[in-house]
Amino acid sequence: MTKAELIEEVSRVVEMTRKDSEVIVEAIFDSIVKSLRTGDKIEIRGFGSFRTRQRQPRVGRNPKTGTRVDVPSKRIPYFKPSKELKDLVNTVNGTVAPAAVPAATPPPAAPAPQGEPPQNS
């Protein structure tokens with residue numbers, strides 16, 4: 001979904017003009033960006049949380065020339081979805097889709113006792 005599609009959806013659901021919906025969506029995004037710039041964490045219950053993470057400085061390579069380039073440390077935005085959002089995304093027709101569970105391996109058979117021949121009945 002693009003930003004324009006989000007504005008259209010808000011406009012349709014709330015029955016507002018597209019211009020008013022655009023102001024609302026822009027205000028929400030601007031508030032999130034402003035909070036992240038000041039180092040605040042944004043937590044939206046049932047949706048997820050936004051925060052920044054610090055990346056350490058590193059040495060990278062210019063892909064064109066192969067020369068070494070010092071990449072400075074920087075803060076990056078990070079989103080962590082809530083459990084509710086994860087469950088909603090994995091819901092199929094009102095039921096939670098089963099998680100991929102690896103097949104259980106059967107326990108190994110007990111070895112035959114030493115010195116006794118196997119019994120054939």
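What's counted below: heavy atoms across the whole structure, side chains too, no hydrogens, waters or symmetry copies.
R37 and R75 get closest at one heavy-atom pair: O-NH2, 2.9 Å. Taking each heavy atom of M1 and E5 in turn, the nearest pair found is CA-OE1, 3.1 Å. In terms of heavy-atom proximity, P72 sits nearest to D70 at CD-O, 3.7 Å.
Ion pairing between a basic and an acidic side chain is recognised when a charged N comes within 4.0 Å of a carboxylate O; D87 and K83 show such pairing. Classification of K86 and E84 as a salt-bridged pair fails, no side-chain N sitting under 4.0 Å from a carboxylate O. The pair E22-K3 does not meet the salt-bridge criterion, since no charged nitrogen lies less than 4.0 angstrom from a carboxylate oxygen. Between E8 and R12 there is no salt bridge, since no side-chain nitrogen of the basic residue lies less than 4.0 Å from a carboxylate oxygen of the acidic one.
Here the OG-CG distance, from S11 to L6, works out to 11.0 Å after rounding to the nearest 0.5 Å. One distance of note links NZ of K74 with OG1 of T52; it measures 13.5 Å at 0.5 Å rounding.
A continuous path of Ile, Leu, Val, Met, Phe, Trp and Tyr side chains, each step under 4.5 Å between heavy atoms, connects I7 with I24, placing both in one hydrophobic cluster. Both I28 and V14 sit in one connected hydrophobic cluster of ILVMFWY residues. Membership requires side-chain heavy atoms under 4.5 Å apart, directly or through other members. Under a hydrophobic clustering in which Ile, Leu, Val, Met, Phe, Trp and Tyr are joined whenever their side-chain heavy atoms come within less than 4.5 Å, directly or via other members, V23 and I32 fall into different clusters. Placement of F29 and I76 in two distinct hydrophobic clusters is found when ILVMFWY residues are connected by side-chain heavy-atom separations under 4.5 Å, directly or transitively.
The side-chain heavy atoms of M16 and S21, taken from C-beta on, include a pair separated by under 4.5 Å. Counting heavy atoms from C-beta outward, K41 and L36 have side chains that stay 4.5 Å or more apart.
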Verdict with supporting geometry, S73 and R55, side chain to side chain contact (heavy atoms under 4.5 Å, CB included): CA-CA 5 Å; S73 67; R55 287 239 175 120; 5.9 Å; no

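Screening residues 35-58 for ring-ring contact (aromatic ring centres under 6.0 Å, His included), with sequence neighbours left out, gives F47-F79, F50-F79.
Side-chain N or O atoms of S82 include one that pairs as donor or acceptor with a backbone N or O of G46 at under 3.5 Å.
Cation-pi geometry between R51 and Y78 is not met at under 6.0 angstrom from the ring centre and within 45 degrees of the axis.
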Listed pairs under 3.5 Å, donor-acceptor, residues 59-68 side chains, sequence neighbours left out:
{"unit_1": "R61", "atom_1": "NH1", "unit_2": "G66", "atom_2": "O", "d": "2.9"}
{"unit_1": "N62", "atom_1": "OD1", "unit_2": "K64", "atom_2": "N", "d": "2.8"}
{"unit_1": "N62", "atom_1": "OD1", "unit_2": "T65", "atom_2": "N", "d": "3.4"}
{"unit_1": "T65", "atom_1": "OG1", "unit_2": "T67", "atom_2": "N", "d": "3.3"}
{"unit_1": "T65", "atom_1": "OG1", "unit_2": "T67", "atom_2": "OG1", "d": "3.0"}

